[in-house]
K.L.:
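Quick one: this structure, given as structure tokens, is what I'll be asking you about.
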Amino acid sequence: MDYQLVIKFWRKSLADEAFLAAIEAKLKEALGDAVELEGYDVSPKEINLFMLASDPRHSFRRAKDVLEGLGVMNGMSAAFRVAGGTRFTSIWPLRATRKFRLP
């Protein structure tokens with residue numbers, strides 16, 4: 001798996017952190033072996049979910065269906081980078097006005 005896909009959830013848009021375990025299970029079910037879930041980190045402003053993928057755009061499209069079903073699309077962003085790289089390519093929202101960064 002050549003790429004790291006990161007899905008960022010903005011904390012102010014979430015009711016609580018309890019959904020993390022459920023979302024990981026639902027994403028694993030939807031994506032199967034196409035990704036390897038790496039876990040997440042939590043900060044006061046955001047929660048970042050990390051996964052390795054061979055085709056991050058395709059994996060995100062499949063993950064997007066799960067995220068829409070959970071009603072969290074408006075409070076998130078997503079990007080990918082070459083595994084071990086530093087430069088992100090933003091893939092959600094489609095017209096991101098700022099660069100994707102990790103804390």
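Hydrogens, waters and symmetry mates play no part in the numbers below; they use all other heavy atoms, side chains included.
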K.L.:
If I take atom CE from residue Met76 and atom NZ from residue Lys64, how far apart are they, to the nearest 0.5 angstrom?
P.N.:
9.0 Å
K.L.:
Minimum heavy-atom separation for Tyr40 and Leu49, please, with both atom names.
P.N.:
CB-CA, 4.0 Å
K.L.:
Measure the CG-CZ distance between Leu5 and Phe50 for me, rounded to the nearest 0.5 Å.
P.N.:
10.5 Å
K.L.:
Take atom CD in Glu29; do more than 12 heavy atoms of anything else shown fall under 6.0 Å from it?
P.N.:
no
K.L.:
Just verifying a value: how many Å separate Asn48 CG and Asp41 CG, rounded to the nearest 0.5 Å?
P.N.:
4.5 Å
K.L.:
Rounded to the nearest 0.5 Å, how far does CZ of Phe60 lie from CE of Met51?
P.N.:
9.0 Å
K.L.:
Can you tell me how far the CG atom of Asp65 sits from the CG atom of Leu70, to the nearest 0.5 Å?
P.N.:
11.0 Å
K.L.:
So, for Leu27 and Ala63, which heavy atoms are closest and what is the spacing to 0.1 Å?
P.N.:
CD2-CB, 3.6 Å
K.L.:
Mind listing the closest non-hydrogen atom pair of Arg62 and Ala30 along with its distance?
P.N.:
NH2-O, 2.6 Å
K.L.:
Check whether any side-chain heavy atom of Leu52 lies under 4.5 Å from a side-chain heavy atom of Tyr3, and answer yes or no.
P.N.:
no
K.L.:
List the steps and the verdict of side chain to side chain contact (heavy atoms under 4.5 Å, CB included) for Leu67 and Ile7.
P.N.:
CA-CA 10 Å; Leu67 299 169; Ile7 300 175; 4.0 Å; yes
K.L.:
Please give me the minimum heavy-atom distance between Ile91 and Pro56, naming the atom from each residue.
P.N.:
CD1-O, 4.3 Å
K.L.:
Look up atom NZ in Lys8 and atom OG in Ser90, then write down how far apart they are to the nearest 0.5 Å.
P.N.:
10.0 Å
K.L.:
Identify the heavy atoms of Lys28 and Val35 that sit nearest to each other, and give their distance.
P.N.:
NZ-O, 3.6 Å
K.L.:
Minimum heavy-atom separation for Arg87 to Arg81, with atom names?
P.N.:
O-CB, 3.3 Å
K.L.:
Quick check: do Leu102 and Phe88 have side-chain heavy atoms less than 4.5 Å from each other?
P.N.:
yes
K.L.:
Report the C-alpha separation of Phe80 and Val6 in whole Å, then their side-chain angles, then the decisive distance to 0.1 Å, and conclude whether the side chain to side chain contact (heavy atoms under 4.5 Å, CB included) test is met.
P.N.:
CA-CA 6 Å; Phe80 68 90; Val6 182; over 6 Å; no
